[in-house]
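A short worksheet on the structure shown next.
In the text below, chain A, chain B and the rest are named by the order of the sequence lines, each starting its count at 1. Treat the numbers as computed from the prediction; the structure is a model and nothing was measured.
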Protein chains: 2
Amino acid sequence: MLNFDFYNPTHILFGKGRIADLNKVIPENAKVLLLYGGGSIKQNGVFDEVIAALGTRSVTEFTGIEPNPSYETLMQAVEVIKNGQIDFLLAVGGGSVIDGTKFIAAAALFEGGDPWAILEKRGSNITKALPFGSVLTLPATGSEMNAGAVVTRKSIKAKMAFSSPHCYPKFSILDPTKTYTLPVRQIGNGAVDAFVHVMEQYMTYPVNSPVQDRFAEGLLKTLIEEGPKALKNPEDYDVRANLMWCATMALNGLISAGVPQDWATHMIGHELTALHGIDHAQTLAIVLPSMLRVRKESKRAKLLQYAERIWDLRDGDEDTRIETAISRTQDFFEQMGVKTRLSDYALNASNIDPIVAALETHRMVALGEKRDVTLNISRQVLELSL
Amino acid sequence: MLNFDFYNPTHILFGKGRIADLNKVIPENAKVLLLYGGGSIKQNGVFDEVIAALGTRSVTEFTGIEPNPSYETLMQAVEVIKNGQIDFLLAVGGGSVIDGTKFIAAAALFEGGDPWAILEKRGSNITKALPFGSVLTLPATGSEMNAGAVVTRKSIKAKMAFSSPHCYPKFSILDPTKTYTLPVRQIGNGAVDAFVHVMEQYMTYPVNSPVQDRFAEGLLKTLIEEGPKALKNPEDYDVRANLMWCATMALNGLISAGVPQDWATHMIGHELTALHGIDHAQTLAIVLPSMLRVRKESKRAKLLQYAERIWDLRDGDEDTRIETAISRTQDFFEQMGVKTRLSDYALNASNIDPIVAALETHRMVALGEKRDVTLNISRQVLELSL
């Protein structure tokens with residue numbers, strides 16, 4: 001096991017009816033900036049419940065945080081904060097709204113000039129942030145219980161990540177019933193996103209970490225079991241609750257503690273989103289299977305463990321077991337309604353050069369747990385995903 | 001899944017050489033009270049490393065916190081704090097030292113009269129506590145990453161628990177190499193303690209919580225695999241690291257989130273320690289197997305799941321699988337050097353009445369996840385453990 005730090009102070013309030021507890025976890029005299037995306041929270045009752053729970057607190061609204069939240073939009077919220085009297089941010093939505101709120105919380109108090117510098121330094125220059133909490137409506141990214149975020153700058157087509165210990169939500173409210181009305185596409189994307197988050201932390205090489213491995217495997221198996229049920233029976237409370245808890249546990253620092261991490265799939269995926277607007281989870285579903293095939297040798301031991309423990313593949317030669325496990329993974333993504341080839345998104349071989357060039361521009365030239373995913377390897381992965 | 005809150009702000013620093021990081025996590029101008037038990041930390045180098053890391057900070061020592069820390073001893077430390085200028089507590093040791101430090105931290109700032117009231121109200125009357133951290137030397141109780149503690153009042157032979165959100169350690173340092181010199185008995189006790197902690201949160205009835213179940217099962221399997229290796233190869237780093245991480249994860253609120261909990265075994269065990277001075281883990285090893293046998297019907301579904309997933313028992317009739325799983329559990333405790341019968345500790349049928357009377361005195365008359373463990377059931381459990 002590798003040395004590690006684990007620290008995660010976010011207070012999770014989980015279950016039916018928990019939005020009312022906002023009244024307990026936000027200071028009574030808080031001046032709240034309520035941040036959300038489109039209008040779905042006004043249709044599914046979440047907005048009304050949030051407003052009721054906030055009671056007599058001063059509430060300003062900031063709406064229009066888009067999927068893959070943009071620096072341009074988020075800076076408008078920073079202006080609102082600078083002009084008004086705001087001392088608490090409340091994100092209501094999915095990972096994009098929460099990610100955006102993290103950036104806004106840090107940018108509002110940033111003293112190092114243009115807050116774009118936060119992205120350039122990956123958050124290492126954040127020294128404080130406004131306190132914020134979240135009401136999660138989409139189980140997927142895990143942003144509700146971690147200190148990281150991804151922000152896109154439209155003008156330069158760049159999608160960049162940052163994190164800071166100052167950017168943990170003070171609390172996150174997870175009410176599975178609020179996910180009943182989500183579109184099928186978002187449930188499918190969410191399950192795939194969580195699955196690949198686990199894989200980025202699990203599918204590397206063995207370091208004798210049975211607890212972390214078994215926790216990761218428990219999440220993978222649960223996602224495989226519950227994901228299809230969530231599509232079929234949208235109002236099955238336990239299924240939605242299990243999916244939601246998986247997504248949170250997939251990226252809160254727990255399963256990565258003491259083990260190597262990969263994240264090459266994510267880095268290539270970010271370029272696909274930045275250049276072509278493909279949903280984040282869709283990019284992961286495109287990249288991961290080919291990534292595992294191309295890097296089969298360096299991941300062999302964990303791929304065999306994965307084949308056995310997740311897909312029950314014990315017989316036959318190693319390479320067959322590995323290939324079967326990867327195809328089943330790909331089948332699972334397809335079963336969740338997430339297509340797994342570039343051609344499914346109208347991309348072809350001519351699109352690969354610009355993606356590789358973007359990786360180079362963003363210095364993504366030595367990715368993966370062993371830093372051996374060169375631009376050439378990334379190209380092979382993309383070619384295999386055509 | 002049941003509704004739940006999860007909150008755990010303790011910063012874990014895990015791995016070889018981490019004691020030096022005390023210098024980063026304790027304020028530079030802190031006036032530290034260093035609390036420990038006997039002299040073992042002076043023999044194994046831990047004390048010297050701690051003192052070196054504390055550098056020029058003011059350090060006062062309080063030594064002699066005993067196993068099953070007593071109110072009488074802990075109140076002496078409270079006096080030291082009131083007389084001296086102390087603003088940070090550092091517990092160096094196992095669960096008893098950390099538990100004791102939690103009580104001291106709360107009692108030093110308690111404004112409700114005699115701090116014994118903290119135990120009488122199970123901590124609900126704690127409104128603040130001195131900040132404290134820990135250096136863990138014995139993987140067992142999980143106290144390093146939770147807000148609970150158990151304190152004994154020798155004068156009335158009572159062992160009582162409390163918890164409070166004010167009593168999380170600010171940090172805990174877990175260096176597996178510092179467990180190499182532990183006596184065999186403490187390693188055996190520690191593994192059994194962690195195992196039974198998991199069982200108290202897992203072995204109840206199904207509530208459709210696959211993530212929590214799989215996390216719990218991952219810990220149980222790892223303890224069964226690594227425990228005996230830890231006895232055999234005391235200086236195998238990974239084995240000690242895995243054991244240590246299991247013990248912390250077993251009782252930090254994670255696997256109990258959203259599921260029912262039992263704890264009847266612990267409550268009966270506490271009386272055995274209070275009346276007869278039997279080690280905590282020994283009491284659990286005596287009580288748990290009989291507890292499972294006596295309550296087989298109400299735990300049937302989870303016992304079958306446990307038999308299959310932990311002990312690979314899939315064939316034969318249900319009752320045989322259940323009994324085999326319980327005997328294997330008992331064998332595991334014995335393999336760890338922890339005896340499982342009252343007679344192994346020189347107790348017999350005549351000792352049962354006083355134990356049941358103590359349970360009644362402490363109002364332990366309706367224990368377990370369904371509150372159906374009456375005094376009569378507790379008596380049956382004890383009789384079966386003779």
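When heavy atoms are compared at a cutoff of 4.5 Å, Phe171(A) does not approach chain B at all. With a 4.5 angstrom heavy-atom cutoff, Tyr168(B) does not touch chain A via any of its atoms. Using a 4.5 Å cut-off between heavy atoms, Leu174(A) does not touch chain B at all.
Here the side chain of Asn208(B) pairs no donor or acceptor atom with the backbone of Asp238(A) at under 3.5 angstrom.
Annotation: Lys229(B), atom NZ; neighbour count of heavy atoms from other residues, nucleotides and ligands within 6.0 Å is above 12.
When the heavy atoms of residues 242-250 of chain B are compared with those of chain A, the residues falling under 4.5 Å are Asn242(B), Trp245(B), Cys246(B), Met249(B), listed by number. Chain A is approached within less than 4.5 Å, heavy atom to heavy atom, by Met145(B) from residues 140-147 of chain B, ordered by number. Scanning residues 4-20 of chain B against chain A with a 4.5 Å non-hydrogen threshold yields Phe4(B), Asp5(B), Phe6(B), Tyr7(B), Asn8(B), Pro9(B), Thr10(B), His11(B), Ile12(B), Leu13(B), Phe14(B), Gly15(B), Lys16(B), Arg18(B), sorted by number.
Residues Glu225(A) and Arg214(B) are paired through a salt bridge, judged by an N-O separation under 4.0 Å between the basic side chain and the carboxylate.
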Donor-acceptor contacts under 3.5 Å from residues 129-137 of chain A side chains, at least two apart:
| from | atom 1 | to | atom 2 | distance (Å) |
| --- | --- | --- | --- | --- |
| Ser134(A) | OG | Ser172(A) | OG | 2.7 |
| Thr137(A) | OG1 | Gly93(A) | O | 3.3 |

Check step by step if side-chain contact (heavy atoms from CB on, under 4.5 Å) holds for Leu219(A) and Phe215(B).
-> CA-CA 9 Å; Leu219(A) 296 174; Phe215(B) 282 11; 4.0 Å; yes
